[in-house]
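Data first, discussion second: the structure below is written as C-alpha cells.
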Amino acid sequence: MTLDFFTLYIIIVLTSISLAAVWAMIAWQHPNFLTARIWCAACLLTAAGGMMLPFQHTFDTPVIPAAGGNGMVILGFWLFWIGVRHFHEQPGGWLTATAATALCATLTVTLFDNDGALALIYALGQSMPMLLSLRFLLGRRQRSAGVLLSCAGIAIGLAGHGLVILTNLWLMPGLAPFADFVAIAPMTMLGVIFSGILWNFGFAVMTIDRLVGEVTEMANRDPLTGAWNRRKFDEQLSLENARCARTGHPYALLLDLDHFKSVNDRLGHKGGDESLIHLVRIVEGTLRETDLLARLGGDEFCILMPDTTAEQAQALGRRIAQTLRDTPLHHGGQEVRLSCSIGVSVWVAGTAKPYDAAMSRADDALYSAKAAGRDSIILAPPPLTPSIEPDSLPPSPR
C-alpha cells in the first residue's frame, strides 16, 4: 500500500485535533494548569498548518499558504518546547520561538522554488525545538515514566527528520543513486506522526503525576497555616521509627504555642488564625530541609527532626523561642508578642519503644514547661530501662 502525502496530512490534522481536544479538557478541568493551554495551542497550530499545506498549490500565490502553513507547524513545535519549560517552572522562550518561526517563514518564501531546500527548512525548523525539548528533559534530575516516554517519542521524531535532512543534503549535489524521494518521505512523515502521539502521551503521564502529587500534598497540608497535617506527620513518624530502628540514629520531637485561647479571645478568630500562621512562618524559617513541622490540631504543633541529638534539639528550640519573642505579630494596628512552650523528646535505639514513648515523653515535657511558667524549654529524660519488644521476650516455661 502506498501512502500519499494528502492522506498523511489528513492523519496529521486529525491526530493534532484529537490531542488538542485532550489538552483542552485538561485545561478546562484544571484552569490553573497553564501548560495544558500551551500544549493545546501547539496542537491547534500544527493542525491548522497541516490543513493549509496540502492545498498550497490551489492558490494563485502558493508561496503564501506554504510559508503560513509551515510557520504554524514550526511555531506549534516551539510551543511544545515552551510548554515543557513552563511545566518545570522555567519561564521565557517566546522570543526564541517567534524569531525561529519568522526565520523559517522567510526562508520558505525566499527558497520556494527549491523543493530540496524547502524540505530542509521544514525538517530543521521542527527539529530544533524537539532537540531542545529532549535536552531539557534529559537534563532534569528526576526522570519519571512520562519523561522517558516523551523523550522516546521525541527521539523517534528526530530520527525521522534526520533522515529527511541527510537524504536532501545527499540529493542536492547529485550524489544520491536515486533522484526520487517519494518512497522515503511518506515513511518519515509516518514516523513523525507516531512520535508526536508518543511524546504527547508522555506529557499526559507527566501531567497526571503532577496533578496527583498536588492533590496528595493538599491532602497532607493544613489549609490554614500551610504546615503539614496530622496525617503526614503520622506517616513520616512511622517511616522515621523504622529508619531509626534499622540505623540506631536518634530523632527528636518538640513544640506548642502559649496562651492561644487568650489570644483568640482578645483578637478574635481572625487574630487567632493570624497568630498560628505567624508561628508557622517563624518556625519554618529556622528549620533544616530535613525537618518536618506539622499542625496536629488547634494550637498543637510538633516538629520531627531526623538525626538530631538532645543538644541540637534544645538549641533549635531556643532559637525558635527567641525569634518568636523578637518578632511580634502585627494585628489591627497593635503588636502582639507570642511565646511558646517546648517539650523535647529524643528517641535513641534501645531506650524505648519508638511508636508511643517518644511522643508521650515529649508531651509530658511540654506540660512540665507550661507548669513552669510557659515560654520555656524542657527536655524529657530518657527511660530508665530499655523497652523489651514482644519478639525478644524469652519463651514462657511450660
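All figures in this text were calculated on a predicted structure; none of them were measured in a lab.
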### Query
Centre of W228's six-membered ring, under 6.0 Å away, within 45 degrees of the axis: is that where NZ or CZ of R221 sits?
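Yes, cation above the ring, under 6.0 Å and within 45°.
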Minimum side-chain heavy-atom gap [X]-[Y] below 4.5 Å:
X: I154; Y: F80; value: no
X: H278; Y: L324; value: yes
X: F136; Y: Q90; value: yes
X: F203; Y: L149; value: no
X: R318; Y: Q314; value: yes
X: L137; Y: S150; value: yes

Could you tell me which non-hydrogen atom of [X] sits nearest to which non-hydrogen atom of [Y], and how far apart they are?
X: V147; Y: M206; answer: N-CG, 3.7 Å
X: A97; Y: I82; answer: CB-CD1, 3.9 Å
X: T286; Y: L316; answer: O-CD1, 3.6 Å
X: V109; Y: V63; answer: CA-CG2, 3.6 Å
X: A313; Y: T308; answer: N-CG2, 3.6 Å

### Message
For a side-chain contact (heavy atoms from CB on, under 4.5 Å) check, start with the C-alpha distance between F233 and L293, then their side-chain angles and the critical distance, and finish with the verdict.
### Response
CA-CA 8 Å; F233 176 79; L293 169 66; over 6 Å; no
### Message
Under a 3.5 Å distance rule, please check whether T106 uses its side chain to pair with a backbone N or O of A102 as donor and acceptor.
### Response
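Indeed, once roles are kept as given, a pair shorter than 3.5 Å links the two residues.
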### Task
Using modelled atom types only, decide if a donor and an acceptor are shared between the side chain of D209 and the backbone of G146 within a distance under 3.5 Å.
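Between the backbone of G146 and the side chain of D209 there is no qualifying donor-acceptor contact (under 3.5 Å).
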#### Entry: Donor on one side chain, acceptor on other, T225 and D222, under 3.5 Å
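A donor-acceptor contact under 3.5 Å links the two side chains.
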### Task
Decide whether R325 and Q322 meet the rule of one side-chain donor and one side-chain acceptor closer than 3.5 Å.
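A pair is found: one side chain offers a donor N or O, the other an acceptor, under 3.5 Å apart.
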### Task
Check side chain to side chain contact (heavy atoms under 4.5 Å, CB included) between E335 and all other residues, then give those that pass, not counting sequence neighbours.
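Expected list: P328, H330, R337.
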### Message
Check this for me, if you would: do D307 and R243 make a salt bridge, where the nitrogen-to-carboxylate-oxygen distance has to be below 4.0 angstrom?
### Response
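A salt bridge links D307 with R243.
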### Query
Would you call D291-R288 a salt bridge at under 4.0 Å N-O?
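Between R288 and D291 there is a salt bridge, with a charged N closer than 4.0 Å to a carboxylate O.
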### Message
Are F77 and W199 an aromatic pair, judged by ring center distance below 6.0 Å?
### Response
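Yes: the rings meet the under 6.0 Å criterion.
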#### Entry: Test log, rule side-chain contact (heavy atoms from CB on, under 4.5 Å), inputs F87 and F33
CA-CA 9 Å; F87 183 88; F33 185 58; 3.8 Å; yes
### Query
Is it true that atom CD of E89 has more than 12 heavy atoms of other residues, nucleotides or ligands lying nearer than 6.0 Å?
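For E89, atom CD is not crowded (no more than 12 foreign heavy atoms under 6.0 Å).
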### Query
Do R295 and V280 pass the side-chain contact (heavy atoms from CB on, under 4.5 Å) test, and can you show the C-alpha distance, the side-chain angles, and the key distance before you say yes or no?
CA-CA 9 Å; R295 183 187 181 194; V280 168; over 6 Å; no
### Message
My understanding is that only residues two or more places apart in sequence, or in another chain, count here; which of them pass salt bridge (Lys or Arg N to Asp or Glu O under 4.0 Å) with E284?
### Response
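Checked E284 against salt bridge (Lys or Arg N to Asp or Glu O under 4.0 Å); zero matches.
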### Task
Give every residue pair that meets the side chain to side chain donor-acceptor pair (under 3.5 Å) criterion with at least one member in residues 66-87, sequence neighbours excluded.
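Non-adjacent pairs meeting side chain to side chain donor-acceptor pair (under 3.5 Å): T35-H86, N70-T108.
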